[in-house]
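The block underneath contains the structure these notes are about, expressed in structure tokens.
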Amino acid sequence: MTKYLDVATIRQDFPLLTAPFHGKRLVYLDSAVSGQVPLPAIERMHHYEAYEHTNVHRGVSTLSQEATDSYEGAREKVRALLNAPSSKQVIWTRGTTESINLVAQAWGRQNVKEGDEILLSAMEHHANIVPWQLLAQEKGAKIKVIPMNDRGELILEDLDGLLTERTKIVGVTQVSNVLGTINPVKEIIAKAHAKGIPVLVDGAQGVPHMPVDVQDLDCDFYVFSGHKLSGPTGIGVLYGRKELLEAMPPWHGGGSMILSVTWEKTVFMGIPAKLEAGTPAITQAIGLGAAIDYLKGLSFDRIAAHEHALLQYATDRLKAIEGLRIIGEAANKASVISFVLEGIHPHDIGSILDHEGIVVRAGHHCAQPVMQHFQVPATTRASLAYYNDEADVDALVVGIQKVKDIFG
Ligand code: PLP
């Protein structure tokens with residue numbers, strides 16, 4: 001056990017992690033796909049649904065006012081988490097994917113024209129590629145790519161040359177969901193800003209692993225998903241610089257985002273409402289707020305230190321396995337480890353480990369360009385969270401040995 005967190009006590013807050021799975025102890029090493037939700041967040045959502053539920057921003061009923069307070073309170077928790085200047089700059093979405101589509105469709109359609117360039121990194125998740133490709137196709141713009149080396153680090157020496165007068169936006173992931181690489185986003189942002197170019201940071205794999213300060217980063221957009229931060233699915237966040245959000249046209253239209261509607265025209269509300277049409281995911285927002293409280297209680301610094309120590313331990317143990325190659329060996333990594341085993345397909349590895357009660361992800365991880373770079377069809381990925389410990393890593397190592405024995 002690392003000296004930073006009491007994992008045995010923490011696990012008591014996760015029924016799934018203490019219940020039997022295939023007759024064994026569940027070893028959950030798939031938090032990059034979705035984090036487990038702690039009981040206090042589950043109970044908060046249950047209490048809201050059972051005793052407090054109605055719609056928000058509607059009517060003068062006490063019930064609606066209290067629901068609105070809880071819902072807006074969760075927005076304030078996200079603001080504090082990111083150190084955003086104002087909670088008005090926190091837009092609720094369904095997740096990272098929707099946040100990026102919102103920027104691409106609302107900001108992008110207004111600002112990107114034929115011949116313009118959108119600069120992405122070589123290690124983006126499809127969520128930070130496909131929305132930009134759709135926009136580029138519509139507008140006749142071009143996607144350009146910041147390359148990476150074979151350790152899985154971006155080649156920043158190429159960045160200056162790639163930032164041209166045609167570049168309209170840079171999109172970069174804070175942490176690669178395949179390689180675990182922590183990108184130097186602050187440096188990338190500074191270089192882009194020197195040329196007046198805004199930057200969107202995909203924080204889906206960043207915010208679960210490290211304290212985030214959007215003002216210190218000086219990013220223009222920061223996006224993440226609640227379910228990767230031990231919150232529920234169906235809720236996500238778009239943080240944006242005030243001027244950019246205010247200048248953006250609405251993407252979706254409907255109720256809750258208007259000041260007045262006549263047959264002739266609609267006058268919209270300001271941010272955040274302008275970008276949040278319709279009834280929101282109230283329970284999920286409140287649940288995410290409770291998850292943030294829980295993680296704060298553990299301390300984001302301690303979580304980061306614990307995961308870093310565990311990453312080191314896991315890397316050393318996995319590297320000692322003959323025939324195993326780690327994909328992604330950046331100097332600065334979060335607790336995500338992809339690997340391939342000589343002669344054995346990741347799907348077979350994943351299935352055998354599953355029978356041993358070990359949950360990992362096998363596949364292309366929605367990052368096919370990364371697979372193409374490393375010339376592998378897929379990898380097996382173990383992702384470690386604050387509720388994992390050395391025993392989980394040891395179980396993985398034993399499981400991999402079993403896979404090797406089966407395949408001879
Ligand atoms: N970006 C990164 C880096 C991710 O890892 C993921 C999900 O794995 C996403 C974006 C998409 O997140 P969601 O499916 O929650 O929208």
Side-chain angles (χ1 to χ4, degrees), residues 28-37 78 91-105 120-134 145-146 148 152-154 169-185 188 199-210 212 217 219 221-239 251 281 284-285 287-288 291 307 327-328 330 332-338 350 359-371 373 378-385:
Y28 188 75
L29 299 175
D30 208 6
S31 296
V33 94
S34 207
Q36 293 299 332
V37 184
V78 172
I91 314 294
W92 294 122
T93 65
R94 283 191 297 131
T96 307
T97 303
E98 189 172 82
S99 298
I100 298 172
N101 276 279
L102 169 53
V103 177
Q105 291 296 311
L120 305 173
S121 94
M123 60 179 82
E124 295 310 307
H125 186 282
H126 296 163
N128 204 19
I129 300 174
V130 184
W132 299 114
Q133 285 180 336
L134 291 172
V145 181
I146 309 168
M148 67 176 159
E153 295 162 327
L154 294 179
I169 190 163
V170 177
V172 63
T173 192
Q174 192 173 24
V175 171
S176 160
N177 66 313
V178 180
L179 309 166
T181 311
I182 302 175
N183 284 317
V185 287
I188 294 170
V199 179
L200 177 144
V201 176
D202 176 350
Q205 302 290 348
V207 74
H209 298 295
M210 62 188 78
V212 172
L217 287 177
C219 55
F221 298 109
Y222 188 94
V223 297
F224 74 89
S225 300
H227 72 99
K228 299 203 196 268
L229 192 64
S230 285
T233 53
I235 188 79
V237 166
L238 162 65
Y239 156 81
W251 178 33
Q284 290 82 346
L288 175 58
E307 290 178 351
I327 304 287
N332 201 7
K333 273 186 74 168
S335 52
V336 173
I337 312 179
S338 274
V359 184
V360 293
R361 175 136 185 231
H364 56 63
H365 316 289
C366 299
Q368 288 184 354
V370 176
M371 301 298 116
H373 176 97
T379 72
T380 306
R381 179 186 72 186
S383 48
L384 306 158

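Bear in mind the structure is a predicted one, so any value in this text is a computation, not a measurement. Note that ligands are numbered from 1 as they come in the structure, with each ligand's atoms numbered from 1 the same way.
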Considering only heavy atoms of [X], which atoms of ligand 1 have at least one such atom less than 4.0 Å away?
| X | result |
| --- | --- |
| Ser225 | 12 (O), 13 (P), 15 (O), 16 (O) |
| Ala127 | 10 (C), 11 (C) |
| Asn177 | 5 (O) |
| Lys228 | 6 (C), 7 (C), 8 (O), 12 (O) |

I need the contact type for [X] against ligand 1. Using non-hydrogen atoms and a strict under-4.0 Å cut-off, is it side chain, backbone, both or neither?
| X | answer |
| --- | --- |
| His227 | side chain |
| Glu124 | neither |
| Thr173 | side chain |

Partner of Leu384 by side chain to side chain contact (heavy atoms under 4.5 Å, CB included), out of Leu29, Asp30, Val336: Leu29
Atom pair CD/NZ of Glu307 and Lys333 - distance to nearest 0.5 Å: 13.0 Å
Gap separating the CG atom of Asn128 from the CG atom of Asn177, nearest 0.5 angstrom: 11.0 Å
Ignoring hydrogens and angles, tell me if any N or O in the side chain of [X] forms a donor-acceptor pair with the backbone of [Y] under 3.5 Å.
| X | Y | answer |
| --- | --- | --- |
| Ser121 | Met123 | yes |
| Thr181 | Asn183 | no |
| Gln174 | Val185 | no |
| Thr96 | Val223 | no |

Nearest-contact summary for atom 16 (O) of ligand 1 - protein heavy atom, Å: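 Of the protein heavy atoms, Thr97 OG1, 2.6 Å lies nearest.
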Residue and atom name of the nearest protein heavy atom (relative to atom 4 (C) of ligand 1), distance in Å to one decimal: His125 CD2, 3.3 Å
Any N or O of Asp202 closer than 3.5 Å to N or O of ligand 1: yes
N/O separation below 3.5 Å, Gln205 to ligand 1: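 Checking ligand 1 against Gln205, an N or O pair does fall under 3.5 Å apart.
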Donor-acceptor side-chain pairing of Thr379 and His365 below 3.5 angstrom: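 Note: Thr379 and His365 side chains meet the donor-acceptor criterion.
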